[in-house]
Amino acid sequence: GRQVGTRGEWAEFNLPDGRAYYQHIITGEKTWARPIGYDHVVGRRLTAGPSHSNVYVGSLPPGTNEFSFRSLFSQFGTIVSSKVVNDLHYGFVKYTTMAEAQKCIDTMNGVTVNGSVLQV
């Protein structure tokens, strides 16, 4: 799915068929049901692209480190910061512009890297 919003510790994704699912950005838990309190957390829904340049990357392959993560995502623009959480297989990459972040999302979502399908 395509990430369309983040509120609190949850990221919302939409599938091409219009269904939505939610993924906890810390634990990686996925659910079809809207998490309790999701609507009450201050946040933005993305409609025409991201409103920020920080990109969540889920389902990272085991063994991904900061160097390989930055190398994989540097092709889309200037990286301001990045963070990999190895034991939970996710990370964040922040670009200097929203256009760079959108290019990353559009290109990398669903791409298979070392046997893992990325969720960007």
Side-chain angles (χ1 to χ4, degrees):
R2 178 181 174 89
Q3 184 177 343
V4 295
T6 305
R7 292 195 178 115
E9 296 177 344
W10 290 93
E12 181 180 3
F13 295 86
N14 278 348
L15 297 173
D17 64 8
R19 293 180 299 152
Y21 69 92
Y22 303 86
Q23 182 168 0
H24 194 275
I25 61 175
I26 296 172
T27 66
E29 172 190 358
K30 294 179 186 175
T31 180
W32 291 105
R34 183 172 294 217
I36 296 173
Y38 182 85
D39 291 325
H40 301 293
V41 178
V42 176
R44 294 185 191 157
R45 180 172 183 81
L46 305 179
T47 53
S51 57
H52 54 82
S53 62
N54 196 32
V55 178
Y56 167 80
V57 182
S59 299
L60 289 174
T64 301
N65 59 34
E66 290 286 340
F67 178 77
S68 62
F69 185 73
R70 286 182 81 97
S71 295
L72 183 62
F73 289 94
S74 64
Q75 62 185 307
F76 304 106
T78 303
I79 296 176
V80 175
S81 64
S82 65
K83 174 69 176 165
V84 174
V85 181
N86 274 328
D87 52 337
L88 298 176
H89 305 287
Y90 76 90
F92 290 94
V93 59
K94 182 173 180 67
Y95 292 98
T96 55
T97 69
M98 290 184 290
E100 292 169 336
Q102 187 63 55
K103 183 177 179 183
C104 170
I105 292 167
D106 292 343
T107 304
M108 295 301 289
N109 188 43
V111 170
T112 301
V113 175
N114 295 336
S116 295
V117 179
L118 299 181
Q119 297 176 354
V120 182

Is a donor on one side and an acceptor on the other found under 3.5 Å between the side chain of Ser68 and the backbone of Thr64?
-> no
To the nearest 0.5 Å, tell me how far His24 NE2 sits from Thr31 OG1.
-> 11.5 Å
Co-membership, hydrophobic cluster, residues Phe13 and Trp32, 4.5 Å side-chain = yes
What's the verdict on side-chain contact (heavy atoms from CB on, under 4.5 Å) for Gln119 and Met108, showing C-alpha distance, side-chain angles and the deciding distance?
-> CA-CA 8 Å; Gln119 297 176 354; Met108 295 301 289; over 6 Å; no
Atom pair CD (Glu66) and NZ (Lys83), whose distance is rounded to the nearest 0.5 Å | 6.0 Å
With a 4.5 Å heavy-atom cut-off, do Ser82 and Phe92 have their side chains touching?
-> no
Atom CE in Met98, atom OG in Ser53: separation rounded to 0.5 Å?
-> 8.0 Å
Closest contact, heavy atoms only, Val57 versus Val120 = CG1-CG2, 4.1 Å
Could you check if a side-chain atom of Ser59 sits within less than 4.5 angstrom of a side-chain atom of Val117, using non-hydrogen atoms only?
-> no
Test Tyr22 against Glu29 for side-chain hydrogen bond (donor to acceptor under 3.5 Å, both in side chains), laying out the working first.
-> CA-CA 8 Å; Tyr22 303 86; Glu29 172 190 358; over 6 Å; no
Spell out, yes or no, whether Val84 and Val80 are grouped together once hydrophobic residues are joined by side-chain heavy atoms under 4.5 Å, including indirect joins.
-> no
Between the side chain of Gln23 and the main-chain N/O of Glu12, is any donor-acceptor distance below 3.5 Å?
-> no
If you group Ile, Leu, Val, Met, Phe, Trp and Tyr by side-chain heavy-atom gaps below 4.5 Å, do Val111 and Leu72 land in one group?
-> yes
pair Tyr95-Cys104: side-chain heavy atoms closer than 4.5 Å | yes
What's the spacing between Thr107 OG1 and Gln102 CD if we round to 0.5 Å?
-> 9.5 Å
State, with a plain yes or no, whether a side-chain heavy atom of His89 is found less than 4.5 Å away from one of Ser116.
-> no
Where the side chain of Glu100 meets the backbone of Thr96, is there a donor-acceptor pair that is under 3.5 Å apart?
-> yes
Least distance between heavy atoms, Val93 atom then Phe69 atom | CB-CE2, 3.9 Å
Measuring from Asn14:CG to Arg19:CZ, what's the distance to the nearest 0.5 Å?
-> 10.5 Å
Rounded to the nearest 0.5 Å, how far does OH of Tyr21 lie from CG of Leu15?
-> 6.0 Å
